[in-house]
S.K.: 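Let me give you the structure first, and then I'll get to my questions.
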Amino acid sequence: MSDAKVKAEPLPLGALTVARGLRRTALAPVVLSALAAMLDVLALALGLWFARLAGSGSEFAPLGWAVLSTLEALGTSLLISALGAYRLNEVRQFWSGMLPLLVLGVALATLSTGIVSAILLIALTLMPARALSAAMAGAVLDFGLTERRAVIVGGGEPALRVMAALAECPDNDIRVVGIFDDRDDVRSPIAVGGVPKLGNIEAMVTFARSAEIEMLIVALPLTAEQRIRTVLKTIEVLPVDVRLADFSADPTFRRHGRAALERGLIDVVSRPIIGGQFMLKRVLDIAGATVALLVASPVMLFAALAIRLESEGPVLFRQPRHGYNNRSVTIWKFRSMYADDCDPHARSIVTRGDPRVTRVGRFLRRTSIDELPQLFNVLRGDLSLVGPRPHALRAVSARQEAFEDLVDGYASRHRVRPGITGLAQINGWRGEIDEPEALRRRVEQDLYYIENWSIRLDLYILLMTPFRLLDGRRAY
């Protein structure tokens with residue numbers, strides 16, 4: 001089944017209604033955990049500072065005390081974090097995290113000041129912070145803001161068993177929002193356990209691209225192994241966790257070789273960048289884009305002036321491209337073609353010596369200066385600094401063949417946010433795609449990046465990008 005056919009499947013009205021209600025992303029638990037840790041560090045550092053002030057006598061070193069107290073509070077927070085104290089269920093229990101913080105804080109203060117009154121000072125600063133953290137965690141959990149939304153492939157009795165198993169797990173955070181099944185007979189009713197059937201498998205792919213879904217559970221009979229393989233092939237393009245509802249006799253299903261944490265489920269595919277990794281990458285994006293804009297602002301100003309002086313028309317060129325999870329995003333570039341020849345739908349690729357490209361445009365494209373406005377896309381969250389380059393929505397090869405028809409699994413590159421630069425670009429596959437082999441090589445590089453992502457790899461790609469820009473042979 002090709003990606004093009006999957007994308008063309010319309011959503012039934014019921015599925016569309018449910019999808020519209022799930023367009024807001026769930027709150028990542030790591031965000032609240034990090035906030036609780038920050039509050040603890042600030043409160044404990046403040047308590048230690050006051051304890052030192054109370055036991056200082058004639059000495060007074062506020063700045064030194066502040067630095068030392070902050071370092072001690074940070075170390076204490078990291079220690080209890082390693083013990084699991086910042087899981088949301090622990091954070092909502094006021095005394096669960098309060099006691100170890102209080103004991104360790106008092107021990108530190110007593111060792112450094114020799115006064116027992118430190119227990120009162122540290123308790124006075126810690127208690128409000130822990131109360132606030134517990135209240136926030138309780139509200140978030142009670143309202144289900146951190147629940148992982150899941151859909152089940154396969155209805156009837158297998159789906160009912162999955163939901164029963166999830167309900168028996170006391171700390172379960174998975175909420176099943178819909179069922180998708182190709183069968184229309186009595187084996188697949190219109191609802192299972194109060195969860196509606198929303199369509200067939202192809203509609204499920206469209207649904208997962210319209211709503212914010214974190215998990216897909218395959219609940220088909222284990223005897224239907226060929227059908228399971230077909231389903232897994234169809235959904236591999238989605239940026240979701242994929243789980244099998246039971247163990248299969250075929251060991252190749254256990255691709256990651258480890259049991260899932262969820263009860264009764266096997267980890268088949270996991271999202272490539274989640275939780276703390278996503279936060280770290282986003283911080284790098286915002287910081288890097290901000291610094292790059294400050295450094296490149298004179299170059300961008302001269303580029304805009306040169307474009308305006310050479311030809312009539314807007315300085316910026318806007319083009320809809322594939323973004324995360326195959327959704328459309330509008331990216332910005334400096335205009336490199338004559339205004340009347342601009343091709344926002346990429347119906348015709350740019351070739352060497354293309355008369356549509358202006359003289360200024362050739363220089364901007366060869367040096368990639370035309371890409372600099374995309375730093376604003378990074379700040380908006382449409383792009384990342386590093387990731388697979390976004391292609392036009394209807395991009396075609398020189399033979400007018402759609403990209404998704406040329407390379408198997410092409411849409412899998414959309415499982416992460418696209419980037420201004422990427423692994424393919426620093427490995428010699430920069431510039432326009434004028435032949436199928438160039439596209440295949442890029443997709444190979446993109447998929448390797450997705451499967452092997454690390455912050456160190458991002459930093460390496462960013463470091464190598466300026467050097468690779470010196471090679472403009474494929475940029476025209």
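Nothing here was measured: the structure is a model prediction, and the numbers come from that model. What's counted below: heavy atoms across the whole structure, side chains too, no hydrogens, waters or symmetry copies.
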S.K.: Quick test of your reading of the model: are E90 and R87 salt-bridged, counting only N-O distances below 4.0 Å?
M.R.: no
S.K.: Does the S81 side chain pair with the main chain of S77, one donor and one acceptor, at a distance under 3.5 Å?
M.R.: no
S.K.: Just verifying a value: how many Å separate R417 CZ and L385 CG, rounded to the nearest 0.5 Å?
M.R.: 10.5 Å
S.K.: Pair R130, L101 - check side-chain contact (heavy atoms from CB on, under 4.5 Å), show working.
M.R.: CA-CA 10 Å; R130 292 302 302 182; L101 279 171; 3.9 Å; yes
S.K.: Under the criterion side chain to side chain donor-acceptor pair (under 3.5 Å), which of H414, R415, R413, R441 is the partner of D446?
M.R.: R413
S.K.: Given the rule in the side chain to side chain donor-acceptor pair (under 3.5 Å) test, do Y86 and D40 qualify, once you have shown the distances and angles that lead to the verdict?
M.R.: CA-CA 10 Å; Y86 289 114; D40 283 348; 2.8 Å; yes
S.K.: Classify the ring geometry between Y410 and H391 as parallel (under 30°), tilted (30 to 60°) or perpendicular (over 60°).
M.R.: parallel
S.K.: Does the side chain of F376 come within less than 4.5 Å of D382's, by heavy atoms?
M.R.: no
S.K.: Looking at side-chain heavy atoms only, is the closest gap between T465 and R468 below 4.5 Å?
M.R.: no
S.K.: Do the non-hydrogen side-chain atoms of T421 and L462 ever get within less than 4.5 Å of each other?
M.R.: yes
S.K.: Side chain to side chain donor-acceptor pair (under 3.5 Å) between S336 and D370: does it pass, once the steps are laid out?
M.R.: CA-CA 7 Å; S336 59; D370 64 322; 4.9 Å; no
S.K.: For G422 and V386, work out which heavy atoms get closest and say how close.
M.R.: CA-CG1, 4.3 Å
S.K.: Is it true that a side-chain atom of R148 and a backbone atom of M215 form a donor plus acceptor pair closer than 3.5 Å?
M.R.: no
S.K.: What distance separates L220 CG from D181 CG, expressed to the nearest 0.5 Å?
M.R.: 7.0 Å
S.K.: Quick one: pull up CG in L141 and CE in M136 and give me the separation to the nearest 0.5 Å.
M.R.: 11.5 Å
S.K.: At what distance, to the nearest 0.5 angstrom, does CG of L79 lie from CG of L74?
M.R.: 11.5 Å
S.K.: Looking only at heavy atoms, which two atoms of L44 and I122 are closest? And how far apart?
M.R.: CD1-CG2, 3.8 Å
S.K.: Got a salt bridge between R209 and E202, using NZ or NE/NH1/NH2 to carboxylate O under 4.0 Å?
M.R.: no
S.K.: Find out whether T230 and I201 are in side-chain contact, i.e. whether some heavy atom of one side chain is under 4.5 Å from a heavy atom of the other.
M.R.: no
S.K.: If you look at every heavy atom in L39 and S133, which pair is closest and at what distance?
M.R.: CD1-OG, 3.5 Å
S.K.: Show the nearest heavy-atom pair for residues L88 and S33, with the distance to one decimal.
M.R.: CD2-OG, 3.9 Å
S.K.: May I ask you to decide whether E214 forms a salt bridge with R175, counting only side-chain N to carboxylate O separations under 4.0 Å?
M.R.: no
S.K.: Any heavy-atom pair between the side chains of L447 and S412 that's under 4.5 Å?
M.R.: yes
S.K.: For Y460 and R456: C-alpha separation, side-chain torsions, deciding distance, then whether side-chain contact (heavy atoms from CB on, under 4.5 Å) applies.
M.R.: CA-CA 6 Å; Y460 171 75; R456 184 167 64 177; 5.7 Å; no
S.K.: Quick one, Q93 with N89, criterion side-chain contact (heavy atoms from CB on, under 4.5 Å). Give me CA distance, side-chain angles, the key distance, then yes/no.
M.R.: CA-CA 7 Å; Q93 306 297 326; N89 284 320; over 6 Å; no
S.K.: Near L132 CG, under 6.0 Å, is it more than 12 heavy atoms from other residues, nucleotides or ligands?
M.R.: yes
S.K.: Would you say the side chain of I217 lies within less than 4.5 Å of the side chain of V242, judging by non-hydrogen atoms?
M.R.: no
S.K.: For the backbone of E371 and the side chain of S368, can you confirm whether one donor and one acceptor N or O come within less than 3.5 Å of each other?
M.R.: no
S.K.: How many angstroms lie between CG in L375 and CG in L383, if you round to the nearest 0.5 Å?
M.R.: 9.5 Å
S.K.: State yes or no: are the ring centers of F317 and F334 separated by less than 6.0 Å?
M.R.: no
S.K.: Shortest non-hydrogen contact from F180 to N200?
M.R.: CD2-O, 3.3 Å
S.K.: Are side-chain heavy atoms of M204 and L238 found at a separation under 4.5 Å?
M.R.: yes
S.K.: State plainly whether the residues D458 and K281 are in salt-bridge range, i.e. N to O under 4.0 Å.
M.R.: yes
S.K.: Minimum heavy-atom separation for R271 and P239, please, with both atom names.
M.R.: CG-O, 3.2 Å
S.K.: For V91 and L32: C-alpha separation, side-chain torsions, deciding distance, then whether side-chain contact (heavy atoms from CB on, under 4.5 Å) applies.
M.R.: CA-CA 9 Å; V91 173; L32 193 58; 5.8 Å; no
S.K.: Looking at side-chain heavy atoms only, is the closest gap between E236 and L232 below 4.5 Å?
M.R.: no
S.K.: Is any NZ, NE, NH1 or NH2 atom of the basic residue among R149 and E212 found under 4.0 Å from an Asp or Glu carboxylate oxygen of the other?
M.R.: no
S.K.: For the residue pair T330 / R318, report whether a side-chain donor-acceptor contact shorter than 3.5 Å exists.
M.R.: no
S.K.: Give a yes or no on whether a salt bridge exists between E444 and R440, defined as a side-chain N under 4.0 angstrom from a carboxylate O.
M.R.: no
S.K.: What distance separates N377 CG from D285 CG, expressed to the nearest 0.5 Å?
M.R.: 12.0 Å
